[in-house]
Visitor: 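Input: one structure, supplied below.
Numbering of ligands and ligand atoms starts at 1, following listing order. Note: hydrogens, waters and symmetry copies are ignored here, and every other heavy atom, side chains too, is used. Everything numeric here is computed off the predicted structure, so don't read it as measured data.
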Amino acid sequence: MPKINDYVERLYREAVKAMKNAIVPYSGFRVGAALLTTEHKVYTGCNIENPSLMLSECAERVAILKAVSDGVKDVRAIMIVSGMEGYCHPCGSCRQIIYEFARDAEIFIAGKKGIRKYSIEELLPHAFKA
Ligand code: THU
């Protein structure tokens, strides 16, 4: 388990706050995400579902795309929190998004038993690259 330091704690708090905005009429499953840029700016996201289910967005993807669209080039860390008992590991599509836009980021996932830390190489070995 990683040592909880200031920025991890800050990201956890921001992700929990963002999770409250989740729009989940179909799954009822809330997810929140917060990322920290190397310039100490935080971007948050929540999952946003759509009646056309394929158009639903994951929390971490929302946070990353908000940052990218704001011109962010370097993401230092990402935190994912959810309403589940265990750990909400990112889906395959989000792993590819992280690989593309936050390759060097520390990836933290919070569960009831604490916070786990991963790299994208661990979560997405042999990633697709163009
Ligand atoms: N979801 C996320 O937001 N992030 C993940 O890492 C996995 C899944 C969302 C998508 C959908 O709104 C709900 O969780 C159930 O799959």
Side-chain angles (χ1 to χ4, degrees):
M1 185 142 341
K3 198 167 164 289
I4 302 299
N5 52 32
D6 284 355
Y7 73 91
V8 178
E9 173 126 25
R10 177 180 176 204
L11 286 178
Y12 177 76
R13 270 191 278 107
E14 294 285 348
V16 168
K17 219 192 296 167
M19 184 168 64
K20 301 200 168 91
N21 295 327
I23 298 173
V24 290
Y26 307 103
S27 71
F29 181 61
R30 289 177 184 278
V31 186
L35 68 78
L36 181 70
T37 72
T38 49
E39 290 171 351
H40 312 290
K41 203 164 165 199
V42 171
Y43 290 85
T44 62
C46 60
N47 54 334
I48 303 172
E49 296 180 351
N50 188 287
S52 177
L53 293 175
M54 300 275 292
L55 297 180
S56 297
E57 294 290 347
C58 292
E60 55 273 54
R61 198 176 328 174
V62 170
I64 291 169
L65 296 183
K66 274 166 76 175
V68 170
S69 65
D70 210 16
V72 169
K73 301 278 185 262
D74 295 304
V75 179
R76 178 175 173 193
I78 304 171
M79 171 70 72
I80 301 166
V81 304
S82 74
M84 81 195 307
E85 185 68 30
Y87 292 85
C88 178
H89 294 94
C91 75
S93 302
C94 287
R95 292 177 196 212
Q96 190 72 44
I97 295 277
I98 293 169
Y99 181 79
E100 207 49 48
F101 299 115
R103 198 167 297 175
D104 298 326
E106 298 171 307
I107 302 162
F108 295 102
I109 305 178
K112 293 269 183 298
K113 290 191 178 147
I115 294 174
R116 290 182 181 166
K117 180 183 167 188
Y118 300 94
S119 67
I120 195 58
E121 284 77 20
E122 287 175 280
L123 295 179
L124 187 68
H126 312 294
F128 171 73
K129 15 187 167 325

Visitor: Can you pull the residues with any heavy atom under 4.0 Å from ligand 1?
Guide: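 Lining ligand 1 at under 4.0 Å, by heavy atoms, one finds Ser27, Phe29, Val31, Asn47, Glu49, Cys58, Ala59, Glu60, Cys88, His89, Pro90, Cys91.
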Visitor: Checking Glu49 side chain against Ser27 main chain: does a donor-acceptor pair fall under 3.5 Å?
Guide: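 Side chain of Glu49 to backbone of Ser27, a donor-acceptor pair under 3.5 Å: yes, one is there.
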Visitor: Give a yes or no answer on whether the side chain of Tyr87 reaches the backbone of Gly114 with a donor-acceptor pair at less than 3.5 Å.
Guide: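 Between the backbone of Gly114 and the side chain of Tyr87 there is a qualifying donor-acceptor contact (under 3.5 Å).
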Visitor: Could you list the residues that satisfy ring-ring contact (aromatic ring centres under 6.0 Å, His included) with Tyr12, not counting sequence neighbours?
Guide: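 Result, ring-ring contact (aromatic ring centres under 6.0 Å, His included) vs Tyr12: none returned.
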Visitor: For residues Tyr43 and Val68: do they belong to one hydrophobic cluster (side chain heavy atoms under 4.5 Å, members Ile, Leu, Val, Met, Phe, Trp, Tyr)?
Guide: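 Yes; tracing contacts between hydrophobic side chains, which count when under 4.5 Å, links both residues.
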Visitor: CD of Glu39: more than 12 outside heavy atoms within 6.0 angstrom?
Guide: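 At most 12 heavy atoms, drawn from other residues, nucleotides or ligands, come within 6.0 Å of this atom.
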Visitor: Taking all heavy atoms of Arg95 and all of Ile120, pick out the closest pair and write down the distance.
Guide: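 Looking at all heavy atoms of both residues, the closest pair is O-CD1, 3.5 Å.
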